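Quick caveat: nothing in here was measured; it's all calculated off a predicted structure. Below, chain A is the first sequence line, B the second, and so on; all start at residue 1.
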Amino acid sequence: MKEVLKNIDEVNINDFQRDLLAWFSAEQRDLPWRKDRDPYKVWVSEIMLQQTKVDTVIPYFNRFIEKFPTIEALATADEEDVLKAWEGLGYYSRARNLQSAVQEVKAKYDGKVPDSPKEISSLKGVGPYTSGAILSIAYGIPEPAVDGNVMRVLSRILSIWIDIAKPSSRKVFEEAVRKLISHENPSFFNQALMELGAIICTPTSPSCLLCPVREHCHGFHEGVQAELPVKTKKKSTRIVKMSAVVLFTEDNKVVIHKRPEEGLLANLWEFPNTEVVDLQSPRKQLEQYIEKEYRMKVAINPGVITTIRHVFSHLTWEIEVYTGKLLHTKKKLPRLEIVTDEELSKYAFPVSHQKIWKTVVAEKTES
DNA sequence: TATCCGTGGCG
DNA sequence: TCGCCAAGGAT
């Protein structure tokens, strides 16, 4: 720890803070979660921003806050509605953990977001980064908030050559932030490091000539800014072949299924589908799967409508899409619904299944 | 520690 | 087309 941070003692901390904060005060983007310091809104924004770009989050944040303006509103909402508001944003456990944590805040902390590291870190979905972000931004408490931006920026400024892909690296950067952070304005300091990483000190080809803290940057002075940070690559993803079918009833309703409570796309809705094992007759395999699992008699039309690729961070689905008819079903099973196309809009679907529906609708209107 | 967990954009 | 990348957390 001492050796990797050897350059930190050469940084003029007062000047560094001054230059960084002056830049952020002048250049910070006008973002919807920066309009006030409501801890709830800061919290929502930080959860949404996990592994997600600012431009993607903005419309989701605005809609979410409009629909669930307060802790009370989110705590008492239906999970279905929360997931619908999250639809398309990804990492859906974030939404369920957030609502669960908000309910805990309502019950345990009288509806006030706690302001101690220990209490706030114990909330579902709140890890070291989010904890520090909320404490510093909403409460002005000088805690580090180390995300990918901060690790990249500080690895360059301090010329730190450890692998930022390793979980153990984060504590090195937390240690650095604890030494560098402004106690007068920890909120702006943390946000400024992230803003710098997002706008100037970008992953490839950083704009050093525009950088407000270039003068303090060891990586720049050594000419190695483009080689930092050190980040090992992750393994490539595996491909899984899937088949899916949009089943219509006589009166033009469709069959949908709610995914399991845990795992991939948990609690989202989908069209009946299964992994293709029988490469010779995937259609028959899908029919048999549906008859067995859903207790339905179905007739799947021959011929694949389209093939949809759904790329996740750790695997890829290749989905062959069919249409078909629901011939008979005995009784209503849990997590299974037969709905009109209008009612479909109330249910949250993963992006791939939204595409399935759009393609099938386009196909139908043609004929 | 390594893997799981989404999605869209970009070079 | 493809790999990489983004304000991470849970297990």
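Annotation: B:dT3 and C:dC4 have their P atoms spaced 15 Å apart (nearest Å). Distance noted for atom P between B:dG8 and C:dG9: 22 Å (whole Å).
Of the candidates C:dC5, B:dG6, C:dG9, C:dG9 carries the atom nearest the A:Gln50 side chain, counting heavy atoms from C-beta on. Residue A:Asn97 has its side chain nearest to C:dA10 when only C:dA10, B:dT7, B:dC5 are considered. Of the candidate nucleotides B:dC4, B:dG6, C:dA6, B:dC4 has the atom nearest to the side chain of A:His314. Considering only the side chain of A:Leu264, B:dC5 comes nearest among B:dG8, B:dC5, C:dA10. Of all nucleotides listed (B:dC4, C:dG9, B:dA2), B:dC4 comes nearest to the side chain of A:Arg238. The listed nucleotides are C:dG8, B:dT1, B:dT7; the one nearest the side chain of A:Pro167 is B:dT1. Here B:dT7 is the nucleotide among B:dT7, C:dG8, C:dA6 with the atom lying nearest to any side-chain atom of A:Leu265. In the set C:dC4, C:dG9, C:dC5, C:dC4 carries the atom at the smallest distance from any side-chain atom of A:Lys233. Closest to the side chain of A:Pro350, out of C:dA6, B:dT7, B:dT1, is B:dT7.
Remark on DNA chain C: of its neighbouring residues A:Lys124 and A:Glu46, the 5'-side contact belongs to A:Glu46, judged by nearest-heavy-atom nucleotide. Toward the 5′ end of DNA chain B lies the nearest nucleotide of A:Ser168, the other residue of the pair A:Lys355 and A:Ser168 mapping further downstream. Place A:Thr204 and A:Leu89 on DNA chain B by their nearest nucleotides, and A:Leu89 ends up nearer the 5' end.
If you check the side chains of A:Tyr129 and A:Gln50, you find no donor sitting under 3.5 Å from an acceptor.
Proximity of A:Lys231 to the phosphate of C:dA6: a side-chain N or O atom is located under 4.0 Å from OP1 or OP2. Contact annotation: A:Thr52 side-chain N/O to B:dG8 OP1/OP2 distance is not under 4.0 Å. For the OP1/OP2 pair of C:dC5 and a distance below 4.0 Å, the side-chain nitrogens and oxygens of A:Arg152 include no atom meeting the criterion. Phosphate proximity of B:dG6 to A:His310: absent, as no side-chain N or O sits under 4.0 Å from OP1 or OP2.
Ring orientation note: the planes of A:Phe271 and A:Phe349 are close to parallel, at an angle under 30° on the 30°/60° scale.
Between the side chain of A:Thr56 and the base of B:dG9, no donor-acceptor pair under 3.5 Å is found.
Residues A:Trp86 and A:Tyr91 keep their aromatic ring centres 6.0 Å or farther apart.
Under a cut-off of 6.0 angstrom, the local environment of NZ in A:Lys258 is crowded, with over 12 non-hydrogen atoms contributed by other residues, nucleotides or ligands.
Residues A:Val245 and A:Val276 are members of separate hydrophobic clusters, defined by side-chain heavy-atom contacts under 4.5 angstrom among Ile, Leu, Val, Met, Phe, Trp and Tyr.
Looking at heavy-atom distances under 4.0 Å, A:Leu31 makes contact with a base. Note on A:Arg29: a base of the nucleic acid sits closer than 4.0 angstrom, heavy atoms only.
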